[in-house]
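Below is one structure, written out as structure tokens; comments come after it.
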There are 2 protein chains.
Amino acid sequence: MVTLKELAKLLNVSISTVSKALSDSNEIGETTKNRVNELARELNYKPNRIAQQLKSSKTMVVGVVVPSLMNPFFAEVVHGIETTLDNHNYDMTVCISNESLEKEQRSFDLLSTGSVDGFIVAVARETQTKHSINHFNRVGKNTPIVMFDRVINDVECTKVVVDDFQSVYDATKYLIQEEHRKKILLISNIEELSVGKYRINGYNKAIGESGLSPNILKLGREKNPRTFIYNYLNKNPEIDAILSIDHITGIMALNKSKLVGKRIPEDISVIGFGYEDAKYVSSPKISVIDQKAFEIGQNSAELLLNHLGSVEKIPHKTIMVKSELIFNDTTQKKA
Amino acid sequence: MVTLKELAKLLNVSISTVSKALSDSNEIGETTKNRVNELARELNYKPNRIAQQLKSSKTMVVGVVVPSLMNPFFAEVVHGIETTLDNHNYDMTVCISNESLEKEQRSFDLLSTGSVDGFIVAVARETQTKHSINHFNRVGKNTPIVMFDRVINDVECTKVVVDDFQSVYDATKYLIQEEHRKKILLISNIEELSVGKYRINGYNKAIGESGLSPNILKLGREKNPRTFIYNYLNKNPEIDAILSIDHITGIMALNKSKLVGKRIPEDISVIGFGYEDAKYVSSPKISVIDQKAFEIGQNSAELLLNHLGSVEKIPHKTIMVKSELIFNDTTQKKA
DNA sequence: CTGTTAGCGCGTTCAG
DNA sequence: CTGAACGCGCTAACAG
């Protein structure tokens, strides 16, 4: 790596002259600037970012800590984050917590020692169930944190949440009022997460308001979710609508509905959750509550950059990204 | 952020004494060590990584440049990379090229100026079609590069490739010899990528050896691939097996086969490509050529770490990660 | 217009 | 056993 020092030596000028010349300071004469710039280009000089970071105590790097990248929702959020960060010349260090509290803590503690200017995080399952928040508070004192989707209310920081309650409430209402469904099954494998609870609450409220009775199938970490769903549908043929609150069980339920001989959407409506791409792998194309993952990522990054850009402390706020009920071919109303 | 200097001041000792005490140097007396360690813990002292990096000219960070994270194959590879890096206390900076040459170049040039110790990359589509390799050579002189999956032969670096040709050849042979299929359709949306071409070659060789005639459906960037597939299957009812060489069209074809009234796997066998999780969203569970994406990531990271760990130059090599034909429920042979 | 000096935070000689 | 001094590469205040 060629450094300022080398350039200075070769040109018989001082280091700071070179530095100033390269940053086009008006303290330096045209001729010297030209000499410097030419040699720099010739030798392909690039300032060492680490040294700049040490000097400025800014890294232009954001730490992104997510539970998984194999979950398409998180993958898309990260894509949104990257897009916005790139527009502002920031890089991102990605850590995958694997839903582990310990890993999440380690990532925060390591990166917070100068490696990043801020964090964007969706907290791990274990962190949420154990309600462990020390690492956030420890780090958050010096480094801004933005939480998205999986947030912890007790941590004071900026948050980007999904309208979990409302979106499921609305979808349930739709099934009741527009499609006149009577036996609506809610299906889930994330009932222990905060977002899962909000979504279930939305369902329960809508069901309660209509005098119907709830049917909830909680799969959790069930080993054979598909068999489980199949058996349930077989034993409960009166089910006339299925609403999934995660990105996978909706498609499973759709497939199993066909197997038990239901016509879709005539006999049974299906609404999935999470991301629009689900329609590519489902048949018929599944209708979904689209969480707008990309936007969530963009918003998270923008809010963080606001904090990084301003000198004084900005008050923390919580913004909500509205989901959209997208009608494809598993509901009676079509696109 | 608390620094060595602050600790030194509070304890009335010199900075270097604190530094040595914290690294448990035997130059320092027990009592001093204890005093230092206690205060350090109390004030939650953590060494500034940027300063360490500048000093050591090692960052313990790897740059990972991939075309996309929404493609589950790349998401899983990145997961594998992260797992291995984490075991060795490395972090990763992830850049998404979005298949753009310009973005890929920018990532390489920026990160190579001290930010990372090495790179792992799957080259962008545009880079591959334009065969632009200057940025790799420029950076590769000082910083080791590992390419995976989408590699460029002319660049001298370590490579991790998939047995694209062989895996598709074997799967085709299987369909011919074990299942006695006569009209095997190859379906693809990546025929312009190098890996796509290798896979098609594997198919053609197996077909040719058996005296059958090839049937290839190239979807490219087709807007309505599903309709396209449906129409094709309708017009060609003699098709008795489908082999997809990407991670998505196999599931589409499976769904459409059911729609045209085929029994699976009695009337028609389906083999998908890419990742085993595909079975969760397909019904019946799709049989696949599993690319071992996680292993590819692990291997890439390990090879890079070898280079980073050794002082002298290690010769570049190319390793191949073997895929596995996984039998689920869309082939006559079952798991 | 150019150079000297200092310092970001750390680790590591070398002197005492 | 402890401290002073230096340098990693860069920027910026301050002299000249």
Side-chain angles (χ1 to χ4, degrees), chain A residues 1-37 39-40 43-61 89 109-117 142-143, chain B residues 1-37 39-40 43-61 89 109-117 142-143:
Chain A
M1 284 281 80
V2 39
T3 68
L4 286 183
K5 192 198 257 185
E6 294 180 56
L7 294 182
K9 185 171 239 167
L10 289 170
L11 294 165
N12 273 318
V13 293
S14 82
I15 293 176
S16 66
T17 302
V18 179
S19 173
K20 287 172 189 165
L22 288 172
S23 54
D24 201 28
S25 158
N26 52 11
E27 295 181 37
I28 305 292
E30 278 306 317
T31 53
T32 335
K33 274 187 192 171
N34 290 336
R35 288 208 313 145
V36 170
N37 281 311
L39 185 66
L43 268 53
N44 192 29
Y45 168 80
K46 295 275 167 51
N48 182 311
R49 273 183 90 198
I50 302 295
Q52 288 179 316
Q53 291 171 196
L54 180 60
K55 179 70 186 164
S56 65
S57 60
K58 283 198 174 297
T59 62
M60 303 296 280
V61 179
N89 291 315
D109 283 331
L110 196 64
L111 293 184
S112 64
T113 61
S115 290
V116 302
D117 294 338
N142 308 300
T143 314
Chain B
M1 283 281 80
V2 41
T3 68
L4 286 182
K5 189 198 258 184
E6 294 180 54
L7 294 182
K9 186 171 237 167
L10 288 171
L11 293 166
N12 272 319
V13 292
S14 82
I15 294 176
S16 66
T17 303
V18 179
S19 174
K20 288 172 188 167
L22 288 172
S23 54
D24 201 29
S25 158
N26 53 10
E27 294 180 42
I28 306 293
E30 278 307 316
T31 53
T32 338
K33 275 186 193 172
N34 290 337
R35 286 209 314 146
V36 171
N37 282 311
L39 186 66
L43 269 51
N44 192 30
Y45 167 80
K46 295 274 168 50
N48 182 311
R49 273 182 92 199
I50 301 295
Q52 288 180 314
Q53 291 171 196
L54 181 59
K55 181 79 186 145
S56 65
S57 60
K58 281 195 174 299
T59 62
M60 304 296 280
V61 178
N89 291 315
D109 282 332
L110 196 66
L111 293 183
S112 64
T113 61
S115 291
V116 302
D117 295 338
N142 308 300
T143 315

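Reminder, nothing fancy here: chain letters follow the sequence lines and each chain counts from 1. Here the structure is a predicted model, which means the values were calculated and not measured.
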Checklist entry - Between A/Thr32 and C/dT2, does any side-chain N or O lie under 4.0 Å from OP1 or OP2? => result yes
Item to check | Separation of D/dG16 P from A/Glu27 CD (nearest whole Å) | outcome: 16 Å
Checklist entry - Roughly, in whole Å, what's the span from NZ in B/Lys20 to C1' in C/dA15? => result 10 Å
Item to check | Minimum-distance nucleotide (side-chain atoms of A/Tyr45 versus D/dC10, D/dA4, D/dT11) | outcome: D/dC10
Checklist entry - For D/dT11, does OP1 or OP2 lie under 4.0 Å from any side-chain N or O of A/Gln52? => result yes
Checklist entry - Would one find a side-chain N or O of B/Ser19 under 4.0 angstrom from OP1 or OP2 of C/dC10? => result no
Checklist outcome for this item: Rounded to whole Å, CD1 of A/Ile15 lies from C1' of D/dA12 at a distance of 14 Å
Next on the checklist: Looking at A/Asp117 and A/Lys58, is there a salt bridge between them, counting it only when a charged N and a carboxylate O are closer than 4.0 Å?
Outcome noted: no
Checklist outcome for this item: dist A/Met1:CE -> A/Ile50:CD1 (nearest 0.5 Å) comes out at 12.5 Å
Item to check | Whole angstrom value for the distance that separates C1' of C/dC8 from NZ of B/Lys55 | outcome: 14 Å
Next on the checklist: Mind checking if B/Leu4 touches a base, just sugar-phosphate, or nothing, with heavy atoms under 4.0 Å?
Outcome noted: sugar-phosphate
Checklist entry - Does the side chain of B/Ser57 get closer than 4.0 angstrom to OP1 or OP2 of D/dC8 through an N or O atom? => result no
Item to check | N/O donor-acceptor pair, side chain A/Ser16 with base C/dT4, under 3.5 angstrom | outcome: yes
Item to check | Distance below 4.0 Å between B/Lys5 side-chain N/O and C/dC10 OP1 or OP2 | outcome: no
Checklist entry - How about A/Lys46: does its NZ atom have over 12 heavy atoms from other parts shown lying under 6.0 Å from it? => result yes
Checklist entry - Does B/Ser14 make a side-chain N or O approach to OP1 or OP2 of D/dG3 shorter than 4.0 Å? => result yes
